[in-house]
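Since the structure comes first, as structure tokens, the remarks are kept for the end.
Numbers here simply count residues along the sequence, with the first being 1.
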Amino acid sequence: MDSIRVDGNDCFAVHEACLKAREIAIKEQRPILIEAISYRVGHHSTSDDSTKYRSRQEIDGWSHWSPVTRLRAFLEKQGLWSEKQETELRAAIRKEVLEGVKIGERKLKPGVKEVFSDVYDQMTPPLLEQERELYEHLQRHGCLLYTSPSPRDRTRSRMP
């Protein structure tokens, strides 16, 4: 399979690579892989401390190459974006997100059953075993569960 390698930190280069890949896929009816080379400045997850395997200086050295930082600098230089717009947008988004969180926090959480039943049409034997083990664990510790036949009719109860 052919591929296109592109600077994944350059939004415009990635856009051009996507246009070229689309052209090849449509005109030549064949797949093409886009390899966008980038640097992950943040941690993999909240449980990952990437400073354990790379220095703070290395991370800081890459921060100015971030696609967001680079695009913002370009837009500001073109007079298409400003610090004032950035501040206003961030405040508006923060307000919207916090309102969404408040709404979400008022909703009853899904039952434990949905952890297992929401992915597969028919649960696999390992999932059935994990579900059994979880219910046994919860029952041993007297945990409060949300149980119901459907999300619209959810009631709180203790494990049977």
Quiz item: Above 12 or not: heavy atoms from other molecules or residues under 6.0 Å from CD of Glu133?
Solution: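 Yes, the 6.0 Å shell around CD holds more than 12 heavy atoms from other groups.
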Self-check item: Crowding at OH, Tyr120 (>12 non-hydrogen neighbours, <6.0 Å)
Solution: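 No, because the 6.0 Å sphere around OH of Tyr120 holds 12 heavy atoms or fewer from other groups.
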Exercise. For His15, check ring-ring contact (aromatic ring centres under 6.0 Å, His included) against everything at least two apart and list the hits.
Key: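 Scan of His15 (ring-ring contact (aromatic ring centres under 6.0 Å, His included), adjacent residues dropped) gives none.
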Quiz item: Taking all non-hydrogen atoms of both residues, which atom of Gly42 and which atom of Ser50 are closest, and how far apart?
Solution: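 Smallest interatomic distance, heavy atoms only, reads O-OG, 4.5 Å.
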Practice problem: Specify the closest pair of heavy atoms between Arg70 and Asp7, including all atoms of both residues, with the distance to one decimal. | Solution: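 Closest approach of Arg70 to Asp7: NH1-OD2, 3.2 Å.
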Quiz item: Under 3.5 Å, is there a donor-acceptor pair between the side chain of Lys27 and the main chain of Ala25?
Solution: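 Not at all, since once roles are kept as given, no pair shorter than 3.5 Å links the two residues.
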Quiz item: Do Lys20 and Glu16 sit within salt-bridge range, that is, some charged N less than 4.0 Å from a carboxylate O?
Solution: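 Judged by the 4.0 Å cut-off on N to carboxylate O distance, Lys20 and Glu16 do not form a salt bridge.
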Quiz item: Ion pair present between Lys102 and Glu99, side-chain N to carboxylate O less than 4.0 angstrom?
Solution: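 No.
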Practice problem: Given side chain to side chain contact (heavy atoms under 4.5 Å, CB included), test Glu131 with Val115 step by step and report yes or no. | Solution: CA-CA 9 Å; Glu131 181 185 38; Val115 170; over 6 Å; no
Exercise. Would you give the length of the straight line joining atom CG of Asp48 to atom CZ of Arg40, rounded to the nearest 0.5 angstrom?
Key: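 So the CG of Asp48 and the CZ of Arg40 are separated by 6.0 Å.
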Quiz item: Got a sec, which hydrophobics cluster with Ile93, joining ILVMFWY side chains under 4.5 Å apart, including via others?
Solution: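 Ile93 shares its hydrophobic cluster with Phe12, Leu71, Phe74, Leu75, Leu80, Trp81, Leu89, Val97, Val101.
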Practice problem: Give a yes-or-no answer on whether the side chains of Glu58 and Tyr39 include a donor-acceptor pair shorter than 3.5 Å. | Solution: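 Distance-only check passes for Glu58 and Tyr39.
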